[in-house]
There are 2 protein chains.
Amino acid sequence: MSSPTPASPNPAAPPQPGADAHAAAGRRPGGRTARVRAQVLAAVRDQLVEHGFDELTVDAVAARAGVHRTTVYRRWRDVGGLLADVLDAAGGDDWRPADTGSLEGDLAALNDEVYAALTGDPPITTALIAASFRSEEAARALTRFWEDRYDRCEIVVRRAVRRGEIPAATAARSLLIASTAPLYHQLVLFRVPPDPGLAGQAAHAAALAATAGAFAGNPASGPT
Amino acid sequence: MSSPTPASPNPAAPPQPGADAHAAAGRRPGGRTARVRAQVLAAVRDQLVEHGFDELTVDAVAARAGVHRTTVYRRWRDVGGLLADVLDAAGGDDWRPADTGSLEGDLAALNDEVYAALTGDPPITTALIAASFRSEEAARALTRFWEDRYDRCEIVVRRAVRRGEIPAATAARSLLIASTAPLYHQLVLFRVPPDPGLAGQAAHAAALAATAGAFAGNPASGPT
DNA sequence: TCACTAATGCGACAACTGTTGCGTTAAGAT
DNA sequence: ATCTTAACGCAACAGTTGTCGCATTAGTGA
């Protein structure tokens, strides 16, 4: 997760996001509906920033947005639905991985961003992960978000191949996961105290392993 | 996580596990208290197996255990406390990593166990991870459990060093995390559809990286 | 301008969650 | 055998969560 801050909240709000929040553009995407959605999503972010995930209840969001409880329940179902919508709005940015000139440098830069996202205050990213364990909808939104982010990261591997650092048949996704997973593992699951040194290690090891051909396979989509 | 099934539920039950479930051995560890604890913990496991984490409520556990709601609330506080106690009871087993004769084999065997735990039905392990995001107490218990497991796994690295497979100054913990984290990452956070092939990959890459000296550092406790 | 209707507001409601005070039971000690 | 008291059972309670039917508002199109 790199920049979950949504710069431009999508003004179109489907009335029934239960199935898919993006399928139909809504039968009435006009003024009030869009305004309510903007107010509610802003309220979610503000509430999250000011009081954390524990106090992110539907009631609190509705009150802060100046909207009735039932409206929020009907359109977003629960807190997970709210966060899923926030997350989808955040996925529409133009983020790209940094280009440092070397594979290890690129991976380290990625991990630095992951580190910042996971240890940042307010802990928005951690809150989203936590929410994904409470709501299937939030889980799907998070999966979509990460899928998109890792897709964008594959250029890091392609650049390294072009520079001759690693074999052409390197499984990009596997390499990227091997590089970032240890950081998530320690910060999210182990909850080790934050230490900026964590970020560089895995990047180094992954780059070395890639050089040694540990991720040989289909260059586009490795063995899952 | 490898074998969360508690073979022998600790009969000693501290009355106030709020602060630390193991500090004082309780002033009255006798028959009834221990019996209630055993009933409740068994009810937690049964409820989890039969109805999953979503229906694991304090009320359901109390009813199934034949115990009053208030008793559960007072001794375990919430569902997280219940799972933390279950988890602590599970950590007292005699699990050891398999010895296959090679580093990559040992790591692959580890990942096979992780895979089985994360994809097993009922999803006890996943439920515990989910609970750790709702309850600080469950989170601490999970950290303790994993810390203990990874400690026991370090012998895998020491054996590899003894066989001359990897440098003596290999950071055992870093290697182990690099080996297992990708699997957790994909199954727990990404929620990719289960695929037994996932388990072997990371083990292979980690073993290769270790051989190349990617985890050079303090052999006992690597750079965090 | 006017009718249509999707979306929202409103209040009531049941279900669930967690707490408190007090009486009862039974483990541990003398 | 008897006493002490930690732990439990019980009932009542307030607060929260989520749902429902119906009234009202405000985009949308004629």
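Residue numbering restarts at 1 for every chain, and letters A, B, ... go by the order of the sequence lines.
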When rounded to the nearest 0.5 angstrom, what is the spacing between CZ in R77(A) and CG in L82(A)?
12.5 Å
Looking only at heavy atoms, the pair that brings Y184(B) and L118(B) closest together is CD2-CD1, 3.7 Å
Do the side chains of R149(B) and E113(B) get close enough for a salt bridge, i.e. N-O under 4.0 angstrom?
no
Residues from residues 49-60 of chain B lying under 4.0 Å of DNA chain D - heavy atoms:
none
Is the phosphate of dG9(C), meaning OP1 or OP2, less than 4.0 Å from a side-chain N or O of T71(A)?
yes
Could you state the atom-to-atom distance from NE2 of H68(B) to C1' of dC22(C) in whole Å?
13 Å
Less than 4.5 Å apart, side chain to side chain, heavy atoms only: is that true for D85(A) and R37(A)?
yes
To the nearest angstrom, the CH2-C1' distance between W76(B) and dT17(C) comes to 18 Å
For the CZ atom on R152(A), are there more than 12 heavy atoms of other groups (residues, nucleotides or ligands in this structure) within a distance under 6.0 Å?
yes
Between dA7(D), dC22(C), dG9(C), spot the one nearest the side chain of R74(B), thanks.
dC22(C)
So F190(A) and Y150(B), would you call those rings parallel, tilted or perpendicular, with 30° and 60° as cut-offs?
perpendicular
Euclidean distance, atom CZ of residue R134(B) to atom C1' of dT17(C) [Å, nearest integer]:
13 Å
What bend angle does the helix from dT1(C)-dA30(D) to dT30(C)-dA1(D) show across its length, from five-pair end axes and to the nearest 10 degrees?
30°
Of V79(A) and V36(B), whose nearest nucleotide on DNA chain D comes first from the 5' end?
V36(B)
Tell me: CZ of R35(B) to C1' of dA26(C), nearest whole Å?
9 Å
Using the ring of each side chain (for Trp, its six-membered ring), is F133(B) parallel, tilted or perpendicular to F133(A), with breaks at 30° and 60°?
parallel
May I have the distance from R69(B) (atom CZ) to dT20(C) (atom C1'), rounded to whole angstrom?
12 Å
Of all heavy-atom pairs between S135(A) and G81(A), which one has the smallest distance, and what is that distance?
OG-N, 4.1 Å
